[in-house]
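A short write-up of the structure that comes next.
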Amino acid sequence: MADHPAATPASDAPQTIEGHFVLHDAYAVMWPYWLAQAPQERSAIVTEAVGWLQDETGVGQLHSALYSLLGQKGDLMLIHYRKNVDALNRTERSFKRLRLFQFLKPVYSYFSVIEASLNEATAIAQHKVADRGLVAGSAENAEAFEVEMAAQRKALESRVFRFIPENRYLCFYPMSKRRGDKHNWYALRPEERRGLMRGHGRIGHKYHREVVQVIGGSIGFDDWEWGVSLHADQPLVFKKLISEMRFDPASSLYAEFGPFWFGIRQQPDDLAVLFAGGLA
Amino acid sequence: MADHPAATPASDAPQTIEGHFVLHDAYAVMWPYWLAQAPQERSAIVTEAVGWLQDETGVGQLHSALYSLLGQKGDLMLIHYRKNVDALNRTERSFKRLRLFQFLKPVYSYFSVIEASLNEATAIAQHKVADRGLVAGSAENAEAFEVEMAAQRKALESRVFRFIPENRYLCFYPMSKRRGDKHNWYALRPEERRGLMRGHGRIGHKYHREVVQVIGGSIGFDDWEWGVSLHADQPLVFKKLISEMRFDPASSLYAEFGPFWFGIRQQPDDLAVLFAGGLA
Amino acid sequence: MADHPAATPASDAPQTIEGHFVLHDAYAVMWPYWLAQAPQERSAIVTEAVGWLQDETGVGQLHSALYSLLGQKGDLMLIHYRKNVDALNRTERSFKRLRLFQFLKPVYSYFSVIEASLNEATAIAQHKVADRGLVAGSAENAEAFEVEMAAQRKALESRVFRFIPENRYLCFYPMSKRRGDKHNWYALRPEERRGLMRGHGRIGHKYHREVVQVIGGSIGFDDWEWGVSLHADQPLVFKKLISEMRFDPASSLYAEFGPFWFGIRQQPDDLAVLFAGGLA
Amino acid sequence: MADHPAATPASDAPQTIEGHFVLHDAYAVMWPYWLAQAPQERSAIVTEAVGWLQDETGVGQLHSALYSLLGQKGDLMLIHYRKNVDALNRTERSFKRLRLFQFLKPVYSYFSVIEASLNEATAIAQHKVADRGLVAGSAENAEAFEVEMAAQRKALESRVFRFIPENRYLCFYPMSKRRGDKHNWYALRPEERRGLMRGHGRIGHKYHREVVQVIGGSIGFDDWEWGVSLHADQPLVFKKLISEMRFDPASSLYAEFGPFWFGIRQQPDDLAVLFAGGLA
Amino acid sequence: MADHPAATPASDAPQTIEGHFVLHDAYAVMWPYWLAQAPQERSAIVTEAVGWLQDETGVGQLHSALYSLLGQKGDLMLIHYRKNVDALNRTERSFKRLRLFQFLKPVYSYFSVIEASLNEATAIAQHKVADRGLVAGSAENAEAFEVEMAAQRKALESRVFRFIPENRYLCFYPMSKRRGDKHNWYALRPEERRGLMRGHGRIGHKYHREVVQVIGGSIGFDDWEWGVSLHADQPLVFKKLISEMRFDPASSLYAEFGPFWFGIRQQPDDLAVLFAGGLA
């Protein structure tokens with residue numbers, strides 16, 4: 001890029017690695033209309049939908065999951081992880097062909113791609129190589145760094161090309177970093193941003209045995225910058241984790257939050273229970 | 001957490017104790033459609049709903065309450081207190097199976113968990129132990145503190161594992177603490193926050209004979225940080241209490257308010273009066 | 001309140017006197033559905049509604065008024081003044097039982113209670129007593145103040161327990177005082193607030209022959225802090241009054257406005273004209 | 001007003017002269033429902049509407065105009081100029097009685113009154129009198145000023161009591177002056193505001209041969225402070241004029257804009273073309 | 001403009017050249033209603049729509065394109081480029097006459113005109129002329145500049161009078177420049193704005209082989225100031241490009257973004273696949 005010497009250095013924007021494309025897809029059931037159908041009709045409709053969901057949930061289509069939602073925001077949410085955008089669009093389109101779809105009212109969706117930061121991985125690789133006492137700038141050093149980075153990248157790939165966590169409870173919310181007149185994340189120096197993200201990561205790490213966090217990047221894909229999914233087996237842990245983070249400067253000064261969605265994991269064949277008005 | 005020495009101290013975020021999970025669930029009645037039903041049909045539908053509400057209102061399901069709402073925001077609000085999230089979700093799902101549900105339009109819901117602050121309890125326990133003149137740091141002192149804290153915690157538990165207050169009038173609103181460029185609650189030092197909350201609590205305490213206040217924490221559960229329910233036997237006291245608090249710095253500088261809901265308590269079998277267009 | 005010495009002084013929040021509870025209730029007519037009814041059917045439906053409105057408008061139920069609205073926000077607004085919240089809720093509930101209601105779409109409502117400030121009354125009483133040269137702190141002085149305050153309070157009561165002004169034009173809007181990072185009404189010193197309100201009152205007073213102003217307090221009742229109703233016989237006077245106030249610091253720095261509603265007063269039996277698509 | 005010596009000087013708020021009352025009234029056509037009608041039925045319905053619009057468009061009712069709208073915001077907009085508020089309300093009410101109305105969905109309306117500033121007129125009158133060298137403060141001077149002002153006022157009246165410009169393209173948007181923490185139009189000194197408005201007026205004047213600008217004042221009438229209508233025979237001139245103004249301090253620091261509406265003028269009998277899905 | 005010497009210099013607002021008028025037009029399909037039609041009926045309806053779209057897509061009507069949308073925001077988006085506003089309005093009106101239209105729910109549209117900045121072109125022309133060593137101010141110099149500008153303008157015209165890029169993926173979003181209390185794009189000096197836009201352009205240029213960017217100016221036409229369309233053959237490149245730009249001061253301090261739309265290009269006869277619930 002020799003003809004654009006003053007361009008923003010490529011290292012300024014955080015480097016990320018991307019994995020599966022994700023759709024969060026929430027619906028309300030039109031209960032009176034649904035319950036007005038004959039029982040055997042309802043049964044056939046649910047059977048068709050269970051079959052579809054089992055196909056999509058399996059590793060063939062990659063992975064899909066079903067949740068019962070709390071409150072009036074909606075009745076159910078589907079999460080789909082797919083290898084590419086076309087497969088994701090095909091999944092949502094095939095869902096609309098189900099007979100069950102006519103009893104659903106779309107209430108929210110969010111489109112993102114699982115991402116992980118390469119910056120920390122790079123720092124770790126640099127530390128590891130430095131620890132081995134190789135001469136800085138030497139070919140030996142560069143090679144060791146490349147080997148280490150390949151290992152780091154492979155570890156990250158296993159995180160971004162993953163399956164949907166199995167935990168019973170889900171907390172999903174979109175968020176962006178603030179670009180206010182005074183506090184503007186994007187006007188911070190890279191080392192400030194990295195320092196803030198490290199502190200933020202430490203809080204997440206405190207809860208890593210209880211909460212699985214999946215970060216979907218959505219700049220250019222949807223209306224916020226990230227879609228955050230937390231998965232846990234105990235609902236109060238979401239409140240504790242997010243409350244603690246809210247006092248962390250990366251959140252207190254720089255985070256803007258969208259709507260919060262709380263779901264309870266259901267298996268594909270639990271659809272019959274859900275559509276009978278129960279919870280599995 | 002020895003490997004994360006710079007992590008936010010655990011004491012920085014306020015320590016809370018959580019109790020029952022709560023759903024506020026508001027509906028508008030589709031009057032013309034409802035009134036178009038035959039009288040004996042309406043009667044049967046209301047009878048089924050009264051039975052359901054009596055079951056849910058009893059201590060078996062834990063506790064539910066019914067309110068007639070003021071203004072066009074809605075006609076009625078249900079409040080449910082439940083022991084866990086699954087029970088809460090089961091209650092809302094079973095409500096949707098009632099025949100009455102087809103005449104209702106969902107207008108608002110709020111999901112939270114009753115919470116109380118452990119910080120003040122800790123301060124009280126420390127004061128009580130100090131008053132007894134025990135040597136600071138001694139085993140005797142530590143033991144006395146533990147005994148006192150157990151008593152404090154038990155008192156708080158009776159507040160967070162409670163039933164719905166019986167008062168005739170309800171004022172419900174969600175709120176968050178401000179995270180503005182200048183006034184940011186989450187960027188205050190812990191002692192500043194505690195000082196502000198103490199002043200705030202004093203105003204609440206002035207009204208404690210007239211108003212029962214139930215605080216639902218909702219970080220990670222719904223779109224605001226708290227859902228506040230005030231219960232009283234006289235409607236003007238809500239205006240006086242909230243007006244007075246609005247001049248308190250914890251509110252004037254740091255509170256953001258959502259919509260306000262005003263309700264009049266009705267008993268389960270008042271549903272018949274309500275659905276005949278009256279008020280019990 | 002001896003055990004809470006640092007509590008906000010009771011005198012800090014403005015002292016108010018409250019009167020009638022008020023509901024503003026706006027609707028759009030579903031014209032095509034309405035006009036599809038047979039003429040004699042429409043006539044019977046209007047007759048029932050006129051009877052209801054005449055009953056509610058009379059001093060028995062206290063007082064109700066009807067307005068034709070400008071623009072697509074709605075077709076008609078009802079204002080109800082009632083002695084208590086239960087009566088207000090009963091009125092709106094009985095309205096929903098009218099056959100006319102099935103042709104209406106709710107578009108807005110606002111719930112408040114008429115209020116007047118006691119602070120100015122207190123200042124006037126203090127001035128009057130001071131003018132009589134009584135010794136400050138003497139029992140004579142205190143008694144004279146009490147007598148004067150009783151008179152002031154009685155005058156205010158006649159303003160807050162009033163009927164709906166009869167003027168042809170209505171301008172209604174909800175508003176709150178700003179709580180911004182820089183300009184925060186609730187963080188001002190009491191004397192600053194009183195000075196600003198006096199200046200504000202002077203502008204209102206300039207128009208007192210042309211405009212009747214009714215202030216509904218709504219903290220704890222609805223989504224804004226006040227609902228302001230202006231009543232006049234000439235529509236341009238609203239524009240002149242509000243424009244002039246907008247340059248007054250109490251407004252320019254501290255007021256936030258909700259939607260504006262403009263109505264033309266109609267009598268109960270004008271409903272027949274209104275529902276024939278005309279204006280009385 | 002001797003008893004209110006500190007009242008805001010009457011000259012502080014800008015002096016305006018008001019003319020015709022204006023309603024902008026936008027609708028979407030429910031095409032599938034409309035197209036499902038039999039051709040001769042559609043023809044009769046359009047004929048009725050054309051007759052109504054011709055009556056309203058003529059100088060009898062004063063003046064109405066029809067526009068085809070761009071984009072999904074709506075299909076058509078009516079503008080009505082009327083002598084008073086009652087006539088405006090009567091026009092919108094009679095429109096709802098048309099059979100065509102049942103195929104329309106209301107999407108936006110704006111209520112205002114055409115206004116012009118008296119301040120500049122006063123300044124011009126003062127200059128003209130000063131140029132004649134009359135002794136300041138003399139009866140001769142005062143009389144000359146009165147004569148000049150009467151002429152100025154008559155010129156303004158011809159602008160505020162006008163007909164709807166005939167140009168093919170319409171750009172309509174509501175706006176308010178900013179009342180922010182830092183930039184607050186209503187907290188500026190009168191001479192600052194006047195200086196800014198003069199600069200702003202100069203840009204408008206540059207385009208006065210290509211664009212007719214009609215300013216509707218709406219403080220107290222609708223949700224913004226003004227409704228601005230630009231009329232031109234070439235669509236790009238709106239973009240050029242508004243872009244240029246956006247860099248002017250009166251706009252860049254002090255203007256807040258509502259939604260923008262773009263319309264193409266149609267004559268009353270073009271309704272037949274419009275409702276056949278074409279454009280005249 | 002001799003009588004307005006203080007007017008904003010014409011050079012202050014950026015000079016632009018405008019090309020085709022553009023409509024982005026997004027719809028959701030009412031699937032249950034659509035799927036309830038008989039197969040041969042659906043086939044006939046799609047055939048009619050394919051014919052219409054082929055006509056509009058061809059160079060006769062100028063150019064139209066079809067996209068399948070991701071998520072619940074909508075099912076499909078049409079983009080139309082037309083020579084003038086009337087042609088654009090005629091296209092959307094004729095679309096509404098299609099039988100297919102009755103199965104569509106409008107969800108979003110955006111109206112703009114393709115624009116390019118003349119400022120950079122002027123700078124380039126000045127540089128080129130300067131490089132030739134002609135005497136500044138000479139007739140020779142002026143003539144060379146005119147020749148160069150004509151070439152520059154012709155190059156820009158080929159960019160603004162263009163066809164819709166053929167790439168498979170689309171990212172569309174409206175945006176405005178911030179006019180905040182502290183960071184206000186329109187209050188910057190022209191050279192500051194130009195410097196920021198140059199830095200911004202460099203990032204765009206880095207991606208020019210992978211992303212085609214079409215800028216629609218919409219001041220005076222729609223609710224934001226620009227509608228940005230990015231076209232690429234790989235979806236992640238949108239995320240990388242916009243993320244990188246977000247750290248650039250022209251974006252980080254001065255950009256406000258509307259909703260983001262993500263589409264997958266479909267050919268006219270792919271409508272049959274799309275309306276069978278698939279993706280071509």
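Each chain gets a letter, A, B and so on, in the order its sequence line appears, and its residues count up from 1.
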Inset, instruction - Find out whether Phe262(A) and Val85(B) are in side-chain contact, i.e. whether some heavy atom of one side chain is under 4.5 Å from a heavy atom of the other. - result: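 They are in side-chain contact.
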Inset, instruction - Compare all side-chain heavy atoms of Asp75(A) with those of Arg93(B) and state whether any distance is below 4.5 angstrom. - result: yes
Quick check against the 3.5 Å criterion: does [X] have a side-chain atom that pairs as donor or acceptor with the backbone of [Y]?
X: Asp223(B); Y: Pro259(A); value: no
X: Arg179(B); Y: Ala255(A); value: yes
X: Gln72(A); Y: Asp25(B); value: no

What part of [X] gets closer than 4.5 Å to chain A, counting heavy atoms only: side chain, backbone, both or neither?
X: Asp222(B); result: both
X: Phe111(B); result: side chain
X: Asp86(B); result: both
X: Phe21(B); result: side chain

Legend entry - Over 12 foreign heavy atoms within 6.0 Å of NZ, Lys128(A):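 No - once you tally the heavy atoms of other residues, nucleotides and ligands closer than 6.0 Å, there are 12 at most.
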Let me know if [X] has heavy atoms under 4.5 Å from chain B in its side chain, its backbone, both or neither.
X: Leu241(A); result: neither
X: Arg198(A); result: neither
X: Tyr33(A); result: neither
X: Leu35(A); result: side chain
X: Leu253(A); result: both
X: Ala28(A); result: neither

Legend entry - Closest non-hydrogen atom pair, Asp181(B) against Lys182(A):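 Shortest heavy-atom contact: OD2-N, 2.8 Å.
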Legend entry - Considering all heavy atoms, the nearest Phe260(A)-Gly220(B) contact: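 Looking at all heavy atoms of both residues, the shortest contact is CD2-CA, 3.7 Å.
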Inset, instruction - Would you mind checking if Glu18(B) and Lys240(A) are paired as a salt bridge, meaning a charged N to carboxylate O distance below 4.0 Å? - result: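 Counted as a salt bridge, because a side-chain N and a carboxylate O are separated by less than 4.0 Å.
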Inset, instruction - Please round to the nearest 0.5 Å and tell me the distance separating atom CZ of Arg90(B) and atom OG of Ser68(A). - result: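 Taking CZ in Arg90(B) and OG in Ser68(A), the distance rounds to 9.5 Å.
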